[in-house]
**Student:** 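The structure under discussion is supplied below as structure tokens; questions concerning it will follow.
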There are 2 protein chains.
Amino acid sequence: MTLDTLPSHQGGAEQLARLLAQALLAGHWQPGDVFPRELDIGKHFAVSRNQVRNALTSLTAAGLLERTAGRGTRVREMGDWHLLDPLMSEWMTGLVNLDPQLVRAIYAFRFSAEPVVAGLAAQAAQAEDIERLESAFAGMESSAGSVKARAEHAEYDVAFHDATYRASHNLVWRQMGYLLRPSIMALIHRSQHRTDTLDDSLARHRQVLDAIRNRDTSSAESAAREVLRRTAIDLGIVN
Amino acid sequence: MTLDTLPSHQGGAEQLARLLAQALLAGHWQPGDVFPRELDIGKHFAVSRNQVRNALTSLTAAGLLERTAGRGTRVREMGDWHLLDPLMSEWMTGLVNLDPQLVRAIYAFRFSAEPVVAGLAAQAAQAEDIERLESAFAGMESSAGSVKARAEHAEYDVAFHDATYRASHNLVWRQMGYLLRPSIMALIHRSQHRTDTLDDSLARHRQVLDAIRNRDTSSAESAAREVLRRTAIDLGIVN
DNA sequence: AGTCTAGTAAATGTCTGACATTTCCACAAG
DNA sequence: CTTGTGGAAATGTCAGACATTTACTAGACT
């Protein structure tokens with residue numbers, strides 16, 4: 001893999017880091033591959049070596065790269081990536097072409113975790129949490145009509161899941177929810193809803209909302225599972 | 001707060017970062033305080049400005065500091081720390097004085113998450129995973145006799161939990177397990193086992209191991225719950 | 001007096017070139 | 001076959017100058 005296929009960039013080291021990180025997240029390099037040298041990167045993007053080094057420092061901190069003096073820069077395998085690093089989260093926002101293996105991993109995580117989180121939410125949710133969930137759900141409903149509002153619908157969908165994590169009233173889960181936002185968004189964008197499946201998705205979300213409102217733990221768990229089953233179908237993971 | 005009370009350091013920017021980070025985690029600075037200037041830090045520790053900048057870059061990435069040109073470096077409030085950042089994890093190793101509120105939050109998270117993880121492990125564990133669990137458990141058993149081996153026992157205990165997360169064969173859970181290592185260690189150190197409770201803890205760990213080995217999902221879940229109940233008792237959260 | 005506007009100091013951010021260190025490889029000596 | 005020695009190539013480090021941002025101060029004008 002060379003740099004040639006990457007789009008040009010504009011601005012500081014952060015932009016460059018984002019660019020390279022997204023290429024890595026999309027699986028453009030294989031683990032173990034040697035990454036381009038600092039000077040080549042600088043030459044290609046017309047930035048100073050400093051900028052390149054700053055960018056590569058970020059990627060290294062996120063576990064994407066491994067750098068050793070004299071040896072060069074290598075791409076680390078996916079198991080070494082710091083998936084919960086906020087940097088990762090940032091880089092994943094807006095990225096649609098995630099590595100399929102990564103998509104499955106994140107989906108599997110959510111499928112195991114989100115029912116538990118919904119259950120906790122049913123136990124711990126307070127008035128403001130319910131409000132957040134309701135307003136997110138209302139947004140999903142209102143933007144369900146037209147196809148043009150797809151982006152808006154996705155926003156509300158993400159907000160709904162984030163609100164669920166927040167409602168668990170646990171610092172760690174809360175942080176997880178924040179970090180998962182871009183991943184969830186990517187999953188949603190991958191699963192192109194048709195209008196009929198969208199109605200079904202809405203209905204399942206509503207059951208989660210109702211279960212939490214009724215403080216029904218086990219219903220919340222199973223309802224969350226149903227939402228994710230719908231997602232799995234839309235993703236083509238299962239049918 | 002000045003730099004004078006900090007111990008001297010030896011080695012590169014990573015050591016310096018660790019030193020400063022632990023001082024911050026210990027609450028030596030209040031949120032909003034101005035952090036010492038680059039040149040002062042460099043002068044105090046006799047390192048180049050480069051090293052200082054590299055260290056401060058790490059602390060900034062972890063959400064501990066906020067730096068703006070012309071303004072200087074400020075200490076961010078605790079709500080802004082990136083709790084799940086691997087750097088944090090590293091810096092927290094060996095720190096015993098965690099905020100009680102944080103201890104409870106982490107325990108609550110583990111109590112909700114770890115049964116699910118154990119269940120996944122029962123479904124996905126392969127030979128090498130079982131081996132890791134067995135060897136960690138064997139270590140716990142062998143170091144259970146003397147009081148002097150407490151540190152060693154804690155190591156094996158942490159290894160056991162880490163092996164459980166790994167056995168789930170999910171990238172996100174695996175990362176989560178890695179990040180929780182220092183927190184788990186802190187919890188273990190807080191819960192001073194007496195010899196009788198230690199036998200009980202061992203027995204419960206053994207049931208998790210057996211359940212995973214037998215691929216019994218629901219047994220693994222309940223066994224993991226029992227392990228954490230034991231932990232809760234030892235922590236004094238419940239009796 | 002109040003307010004706007006240079007102007008200055010101080011801090012972090014950036015660039016550049018040179019040098020240090022590590023790693024790998026080739027090639028020759030023993 | 002082993003060992004060592006040298007060079008090439010990559011990242012790591014340093015030092016200095018300069019750029020940029022921010023906060024503060026001192027006047028000038030209304």
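Bear in mind the structure is a predicted one, so any value in this text is a computation, not a measurement. Naming convention: chains lettered A, B, ... in sequence-line order (proteins, then strands); numbering from 1 in each chain.
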**Student:** Between atom CG in A:Asn50 and atom P in C:dG17, what is the gap in whole Å?
**Tutor:**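 Taking CG of A:Asn50 and P of C:dG17, I get 12 Å after rounding.
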**Student:** Rounding to a whole Å, what distance do you find between A:Arg67:CZ and C:dT21:C1'?
**Tutor:** 14 Å
**Student:** Check this for me, if you would: do A:Arg174 and A:Asp162 make a salt bridge, where the nitrogen-to-carboxylate-oxygen distance has to be below 4.0 angstrom?
**Tutor:**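 Answer for the salt bridge query: yes.
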**Student:** Give a yes or no on whether a salt bridge exists between B:Arg67 and B:Glu38, defined as a side-chain N under 4.0 angstrom from a carboxylate O.
**Tutor:**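 Yes, B:Arg67 and B:Glu38 are salt-bridged.
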**Student:** Shoot me the first and last contacting nucleotide of DNA chain D against chain A, ordered 5' to 3', at under 4.0 angstrom to non-hydrogen atoms.
**Tutor:**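 In short, chain A contacts DNA chain D from D:dA10 to D:dT13.
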**Student:** Identify, residue by residue, the members of residues 70-78 of chain B with a heavy atom below 4.0 Å from DNA chain C, and return them in order of residue number, or none.
**Tutor:** B:Gly70, B:Gly72, B:Thr73
**Student:** For the pair made of CZ in B:Arg49 and C1' in C:dA10, what is the distance, rounded to whole Å?
**Tutor:** 12 Å
**Student:** Under 4.0 Å between a side-chain nitrogen and a carboxylate oxygen: does that hold for B:Glu90 and B:Arg18?
**Tutor:**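 Between B:Arg18 and B:Glu90 there is no salt bridge, as every charged N stays at least 4.0 Å from the carboxylate O atoms.
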**Student:** Using 4.0 Å as the upper bound for N to carboxylate O, is an ion pair formed by A:Asp129 and A:Arg132?
**Tutor:** yes
**Student:** Whole Å only: how far is the NZ atom of A:Lys43 from the C1' atom of C:dC15?
**Tutor:**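 For the pair A:Lys43 NZ and C:dC15 C1', the rounded distance is 17 Å.
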**Student:** Distance check needed: C:dA11 P versus B:Leu65 CG, whole Å only.
**Tutor:**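 Rounded to the whole Å, the gap is 16 Å.
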**Student:** Please work out which of the three classes, parallel, tilted or perpendicular, describes the rings of B:Trp173 and B:Tyr165, given edges at 30° and 60°.
**Tutor:** tilted
**Student:** Salt bridge check: are A:Arg76 and A:Glu66 linked by an N-O gap of less than 4.0 Å?
**Tutor:**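 Judged by the 4.0 Å cut-off on N to carboxylate O distance, A:Arg76 and A:Glu66 do not form a salt bridge.
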**Student:** When the nearest nucleotide of DNA chain C is assigned to A:Ser48 and to A:Ala69 on a heavy-atom basis, which residue is associated with the more 5' position?
**Tutor:**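 Nearest nucleotide further toward 5': that of A:Ser48.
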**Student:** Let me know, please, whether B:Arg37 or A:Asn54 comes out on the 5' side of the other along DNA chain C by nearest nucleotide.
**Tutor:**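 Nearest nucleotide further toward 5': that of B:Arg37.
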**Student:** Whether B:Arg53 contacts C:dG13 is assessed here as follows: a side-chain N or O lying under 4.0 Å from the phosphate OP1 or OP2. Is that the case?
**Tutor:**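 The answer is yes; a side-chain N or O of B:Arg53 sits under 4.0 Å from OP1 or OP2.
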**Student:** Could you tell me whether B:Asp40 and B:Arg37 make a salt bridge, using a distance below 4.0 angstrom between a side-chain N and a carboxylate O?
**Tutor:**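 Answer for the salt bridge query: yes.
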**Student:** Starting at CZ of B:Arg53, measure out to OG of B:Ser58 and round the result to the nearest 0.5 Å.
**Tutor:** 12.0 Å
**Student:** Over 60° means perpendicular and under 30° means parallel, so classify the ring planes of B:Phe35 and B:Trp29, tilted if in between.
**Tutor:**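 Rings of B:Trp29 and B:Phe35: tilted, 30 to 60°.
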**Student:** Rounded to the nearest Å, what distance is computed from the CD atom of residue A:Glu66 to the P atom of nucleotide C:dT22?
**Tutor:** 17 Å
